[in-house]
Amino acid sequence: MYGYVSVILFLSPIIMVRGEPPAVYGPPNPSHGTPGAGHGSGGGHGGYEEPQSYEFGYRVKDDYSGSSFHQKESSDGNQVRGEYRVALPDGRTQIVTYWADWKTGFHADVKYEGQATYPDNAKKYIPPPGANAGYMYPNPSGQYGAPH
């Protein structure tokens, strides 16, 4: 009796999955323009609306983790300009100023502010006692012999 009930319970999820109708997809919508004629496909602005101007930015400063970075970007519809700054672990700030347009592509200028500092008391990581330092491979047994 229990074996029969187990078979029914085991097969019921399969029946439910198989009982669903397959997804139906229609033909592509021609209003999206010709494939490959738009952004990111090497084809200029073809098939898309005129680029719009925008401004965008964000800032993150987390004293607990030491994370500090921000970005600001704007576009007039033809050229994008922006800058982002990242606080590096060595104490410097990396500043990337960039611009891009359809004719000349992407350009970036990378600069650093501050002086890199490294702690004098940097210590090598030593795992706690009893911690596995990784998988320990067995020594070769010589069972295969030298290559010919």
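All residue numbers in this chain count up from 1 along the given sequence.
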So how far is it from [X] [atom1] to [Y] [atom2], rounded to the nearest 0.5 Å?
{"X": "E113", "Y": "R92", "atom1": "CD", "atom2": "CZ", "value": "11.5 Å"}
{"X": "S74", "Y": "F56", "atom1": "OG", "atom2": "CZ", "value": "12.0 Å"}
{"X": "Q52", "Y": "S75", "atom1": "CD", "atom2": "OG", "value": "9.5 Å"}

request  = Could you pull out all residues at least two apart from Y98 that satisfy ring-ring contact (aromatic ring centres under 6.0 Å, His included)?
outcome  =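 With neighbours one apart ignored, the set is F106.
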Would you name the heavy atoms of [X] and [Y] that are closest together and state the gap between them?
{"X": "V96", "Y": "A108", "value": "CG1-CB, 4.2 Å"}
{"X": "L88", "Y": "Y112", "value": "CD1-CE2, 3.7 Å"}
{"X": "G77", "Y": "P51", "value": "O-CB, 2.8 Å"}
{"X": "R81", "Y": "Q79", "value": "NE-OE1, 3.1 Å"}

task = List the steps and the verdict of side-chain hydrogen bond (donor to acceptor under 3.5 Å, both in side chains) for E73 and Y84.
result = CA-CA 8 Å; E73 181 177 290; Y84 64 88; over 6 Å; no
ask   = What about I95 and F69, same hydrophobic cluster or not, with Ile/Leu/Val/Met/Phe/Trp/Tyr joined at side-chain heavy-atom distances under 4.5 Å?
value =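 As far as the 4.5 Å side-chain criterion goes, F69 and I95 are not connected within one cluster.
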ask   = Remaining members of W99's ILVMFWY cluster at a side-chain heavy-atom cut-off under 4.5 Å?
value =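 None; W99 is a cluster of one.
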key: Pair D101 + K103: basic N to acidic O under 4.0 Å   =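 Here D101 does not pair with K103 in a salt bridge, since their nearest N and O are not under 4.0 Å apart.
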request  = Indicate yes or no: does E55 engage K72 in a salt bridge with an N to O separation below 4.0 Å.
outcome  =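 Answer for the salt bridge query: no.
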request  = Begin with the C-alpha distance, continue with both residues' side-chain angles, and end with the deciding distance and a verdict on salt bridge (Lys or Arg N to Asp or Glu O under 4.0 Å) for R85 and E83.
outcome  = CA-CA 7 Å; R85 293 175 175 249; E83 176 183 280; 3.1 Å; yes
